[in-house]
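To start, the structure itself, in structure tokens.
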Number of protein chains: 2
Amino acid sequence: MTTSGMRDYLDGPYKAARDVVRAGLAADAELFDLAVTLPRDEYRDRVLGLLERITAEGHPARGFPKENGGGGDLGGFIAGFEMLAFGDLSLMVKAGVQFGLFAGAILHLGTERHHEKYLADAISGRLLGCFAMTETGHGSNVQALGTTATYDASTGEFVVHTPSPAARKDYIGNAARHGRMAAVFAQLVVGSENHGVHCLLVPIRSEDGQPLPGVTLSDCGPKLGLNGVDNGRIVFDQVRVPRDALLDRYAEVDVKGNYVSEIENPDRRFFTMLGTLVQGRVSVGGAAINASKVALAIAIRYGDQRRQFGAPGSAEEALLLDYRMHQRRLLPLLARTYALHFAQAELVDEFVRIFDDKTNEKQPTSGRVVEAQHDARSVEGEHDARVVEGEHDARVVEGEHDRRALEAQAAGTKAVGTWHATETIQACREACGGAGYLAENRLATLKADTDVFTTFEGDNTVLLQLVAKGLLTDYRESFGKLDPLGTARFIAAQAVEVAVEKAALRPLVERLRDAVPNRSDTADPDAGLRDDAYHSGMLRFREQHILSGVARRLKAGIDAGDEPFDVFNRCQDHVIAAGRAHVDRVVLEAFQSAVRNAPEEIRERLKDVYDLHALATIESERAWYLEHGRLSPGRSKAITALVNELCAAVRPVAVDLVDAFGIPGAAVEVPMVVPSQHE
Amino acid sequence: MTTSGMRDYLDGPYKAARDVVRAGLAADAELFDLAVTLPRDEYRDRVLGLLERITAEGHPARGFPKENGGGGDLGGFIAGFEMLAFGDLSLMVKAGVQFGLFAGAILHLGTERHHEKYLADAISGRLLGCFAMTETGHGSNVQALGTTATYDASTGEFVVHTPSPAARKDYIGNAARHGRMAAVFAQLVVGSENHGVHCLLVPIRSEDGQPLPGVTLSDCGPKLGLNGVDNGRIVFDQVRVPRDALLDRYAEVDVKGNYVSEIENPDRRFFTMLGTLVQGRVSVGGAAINASKVALAIAIRYGDQRRQFGAPGSAEEALLLDYRMHQRRLLPLLARTYALHFAQAELVDEFVRIFDDKTNEKQPTSGRVVEAQHDARSVEGEHDARVVEGEHDARVVEGEHDRRALEAQAAGTKAVGTWHATETIQACREACGGAGYLAENRLATLKADTDVFTTFEGDNTVLLQLVAKGLLTDYRESFGKLDPLGTARFIAAQAVEVAVEKAALRPLVERLRDAVPNRSDTADPDAGLRDDAYHSGMLRFREQHILSGVARRLKAGIDAGDEPFDVFNRCQDHVIAAGRAHVDRVVLEAFQSAVRNAPEEIRERLKDVYDLHALATIESERAWYLEHGRLSPGRSKAITALVNELCAAVRPVAVDLVDAFGIPGAAVEVPMVVPSQHE
């Protein structure tokens, strides 16, 4: 292989956009300045300066429609945004708050007037804003937010209010210092009726940075990491905003004070709105994967230079990376990083396919509402719904099925990618010993900054649960309720076994029962272990088996007359395992496609990395396969032995493989690592 | 159970010493001040102030002999030191550097003149010191340090020198700002002969804080955590110290320039010296376990108060800790924390038994050297030895066998305890979502501060490897070489199978083959799952099986004529698994003893926690048991189901169980947690 060939292949279709960010990072050491040494407010202002600079360079604008002053290149924007994770992650997160969340809410939830009034300022950074969704009392369960926006028909205004301490907006980026406006999520009350959570634009600071009347702003204080982002709290005391402050793409309050929405079902309306914000989740997953690359590049280069102990009598001590245990600790994580890179690329492709087509919609209702079999849950992918009684909404925006699938894919990739980052950076830190603990070697900062990724933009556990619930409901094309209760009832009503038989994978499962070796295979436990079809067969079998097992347990619980919430809760670990199994399979198959489509000069090398990933994945789940008769003890041990062999096979090119990530030198040339010979 | 009964039992014999530290922490909020908000040097000086205060309160002196101004209560000292982990960990670490390492080196490696001259000042904090062992180029492999101390017979001085950048002393606590003297580990060169690594006291700063001539001091800069400790670097340029600067308990250079040691074998001498410093490792393990308690106390109380989602139609959302997945994430870690607490208590008891008896020795040779079957490796427990050719040293200090066992136990408990802390604090942080990321809620700080524990005082991977090598050599009472080569040769020479039969556990293994259910047990997979003997049988079987497997592989490799280093390296993951299996068994059996000896009022409750720990341990290794025919699939699944049930059984008393840790309120009453009703 050539490193540049591998790098080009990893960069994929957005190579140009990546190279722009890469060049920016490479050109300016300030982007890697150890801002952790600065007092907090100075660090925050430094990050603001960096934000203004990348804005001036036109990067964020790339992702917005041309008529709003953008570049209309959503894919390049996402790819470039992910690359910011090579630099200071506070900048990446602050950019995400400003452009992905705040400007994104205006773009996706607002209409023409909001776009014209605010979008150019938001994407140029002249108007810094907050995304004020989370409250002290509610993070995952957004539908239960406490903040209210009550329409006052006498003045034509909304009154935004924080009715309790738990309803305080919390952890809000840009709130503590820089934000002048907030996209506030609040229960919309018109007359005596609560129409559920909607988003309004509320000014919070004057031009000179003072809190506006009725707005109390405070600082979340120091955090484990990301201290360059000014997270804060917002309390509203009867703050009045005009009627058109409501971002009214999906619902509006007319001049006479009538609430009007094209989407009748309040759950469905809520999840439709949230669904437009999937970009944040896509980006966080990508950023986490890129942060993993930085950590691996540092630790693998270190392991290729650092010597300790070794063969008696030899002139030099042995390189750390020549130790089996060191290979075991780092190389399967390197392989999984490759896998996730390709899975993320597929996700971004799908995101662009759906959103590039949709971004310029101004009216969701112009002939694009169709009858469909989907239910309100179709666009969940976001959070559990609290139960709200109400009839099904039979109308659905065209493309909603694709969006639902996209949201599930984004949720799964985000969960697995961010946990991977936490695990990988931890392993890299430990693999570098005390040197890894020093800020100057970047691993400490990477670890602290990325840690929150596993719980922001959706708690990973909740996200995997949603992936699984989506799969359960996929058994049928129309659905009942969306919550634990509803899922359980649905399963009970639909006769699960029938549903299982309908599932697309059923024939494959049957073939597997014959094809996958089991206890009788000890004569040749190595046979076919490097066969793609074996890997995907194993992962598909596991996914489908866990899923149908969950479905059966839910049905049995309901049949026994137990409380549906209790039934669901008893299976919760099982449900989450199903979500994980699904994502594992999707990631594996993305890597398989990537190997198939790779240029010949790198294909063989990529196949080694793929095999390492595939077999390490099966190895990590071998208890399950052994329990379910899909691995014999002999074959299970053979897989462990082969993972060791593949580590040894990948080791000589490990530095090439991290060089192929194309991380600008300043991000990885830390004091403990001598500049690579491979650069 | 009563919480106070459980607390008293956990406090054990050193309850009084624990209560002193507890009262000190409870009385002073400054000990929990968020020093992370301070500029680094201010934070360091604040921690120094805290150190002076606990010193004035007499705490550190407790651990030193009465004739040196101490209290002669080693056990109380260790127990109290561990309690410091409830407060600011920078204080704990700085105290460890000053009293455990610096003063400890003087006590254990020095003789009367050093004790009289320095010890009172060191334990009173008037003389702040460094423990200058690690270098930029060598952390784990201490025998290969580069710093030299060359005897100049013409002046009767040692010349301490840093011959290369890699020989720079690095990560040294107290070096960047406060230390005035360093216990420096260096190759002792007399005439043309290198006698290996010895320790000398070298002044590095004047009374007014200026570096002394020839000493270059620098700062390691910001770290992931522990920023209240002034870690720095030291470079020596031909620094001269008098002959009596050598800590000469085990070796001296006489007035005429002759090197004299009672221990002829240089390896054995080195490891004997290092072995006396085991206290640091004992303390770090204990501190890590206590840090885990703090994190669990915070996260479990939060989970017992925080509501999110829940059963449809109910008046309130459900408590996080009522969700199965939340229980699964936290409660097995709580159970393992109990297990490690008891294992640590056993370790401290053994440490006290050995060292309280030895602390007052002034001459190691006064009739206390005996013939023995032990080899130089007996006191390894510290680091791999580089191969040094040389004959066996047949003389051994009385009690050496016990010390070797103690060192292995300390290494294992440290490795498992510190990894446990990293895992537990991470799980707790994630279980508290965004709130867990804020410094004010302490989890972020705990996480950052404890992270380095897995690699300092011995890299955990290296430590487990040493535990395993000790076990391998335990197959016989006399040994060959101590290094990978030697171990392999030994195994080859001894006919492993015979050795296995000699092992003490052999009869047990045989009984297990009959007693442990296997594939045929599906008729009643639950039978005996809560039986202690089943648990220890399973863990002993695993330990012994992995160990004998490693031994056989080493022998086979050597028999095949492969390079011994390669043979060992191929098995490295297997060797480390053996170490881990051993520690798991020791920890389990410590918990079993604790349950047996518990007062009746708490025994039943403790048994639930024990069962959760035991079965979660077997569950986490079920792949191995399935591969080796010691679990049937049905029984494996039954264990998973029982772990879930035990989580549910422990959940109602989970808050009581963390209250029983007796952590002062200020350490756990963080903003996100309402003060507990149980206090």
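Reminder, nothing fancy here: chain letters follow the sequence lines and each chain counts from 1. Note that these values count all heavy atoms, side chains included, but never hydrogens, waters or copies made by symmetry.
Of the listed residues A:Thr134, A:Asp566, A:Thr455, A:Leu226, the one with more heavy-atom pairs under 4.5 angstrom with chain B than any other is A:Thr455. Chain A forms more heavy-atom pairs under 4.5 Å with one residue of B:Arg40, B:Met672, B:His628 than with any other, namely B:His628. Ranked by heavy-atom pairs under 4.5 Å with chain B, the first of A:Ala448, A:Cys571, A:Ala444 is A:Ala444. Heavy-atom pairs under 4.5 Å with chain A peak, among B:Arg328, B:Glu621, B:Arg570, B:Glu619, at B:Arg570.
Between the side chain of A:Gln308 and the backbone N or O of B:Asn141, at least one donor-acceptor pair lies under 3.5 Å. Not one N or O on the side chain of A:Tyr437 forms a donor-acceptor pair closer than 3.5 Å with the backbone of B:Phe453. Between the side chain of A:Arg429 and the backbone N or O of B:Asp451, at least one donor-acceptor pair lies under 3.5 Å. Using a distance-only test at 3.5 Å, with no hydrogens or angles considered, a donor-acceptor pair links the side chain of A:Asn569 to the main chain of B:Asp322.
With a threshold of 4.5 angstrom between heavy atoms, B:Ala648 does not approach chain A through any atom at all. Using a 4.5 Å cut-off between heavy atoms, A:Gln426 contacts chain B through its side chain alone, with no backbone atom that close. In this structure, no portion of B:Leu443 lies under 4.5 Å from any heavy atom of chain A. Residue contact with chain A, scored on non-hydrogen atoms closer than 4.5 Å, involves the backbone of B:Arg307 exclusively. For a residue to count as touching a neighbouring chain, one of its non-hydrogen atoms must lie under 4.5 Å from one of that chain's; by this rule B:Ile576 touches chain A with the side chain only. Proximity to chain B is limited to the side chain of A:Asn644, based on heavy atoms less than 4.5 angstrom apart. Contacts between A:Ser636 and chain B at a heavy-atom distance below 4.5 Å involve backbone atoms as well as side-chain atoms.
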Q. So A:Val575 and B:Met325, side-chain contact (heavy atoms from CB on, under 4.5 Å) or not? Walk me through it.
A. CA-CA 10 Å; A:Val575 169; B:Met325 199 65 201; over 6 Å; no

Q: Apply the test side-chain contact (heavy atoms from CB on, under 4.5 Å) to residues B:Arg329 and A:Thr461: give CA-CA distance (whole Å), side-chain angles for both, the deciding distance (0.1 Å), then the verdict.
A: CA-CA 10 Å; B:Arg329 292 167 85 180; A:Thr461 303; 3.2 Å; yes

(Q) For A:His574 and B:Arg324: C-alpha separation, side-chain torsions, deciding distance, then whether side-chain contact (heavy atoms from CB on, under 4.5 Å) applies. (A) CA-CA 10 Å; A:His574 204 169; B:Arg324 164 145 294 169; over 6 Å; no

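Residues meeting the side-chain contact (heavy atoms from CB on, under 4.5 Å) test with A:Asp170, sequence neighbours left out: A:Thr136, A:Arg168, A:Cys220, A:Arg233. When the ring-ring contact (aromatic ring centres under 6.0 Å, His included) test is applied to A:Tyr171, no partner is found at least two apart in sequence or on another chain.
Minimum interatomic distance between A:Ala318 and B:Phe565 (heavy atoms only, all atoms of both residues): CB-CZ, 3.9 Å.
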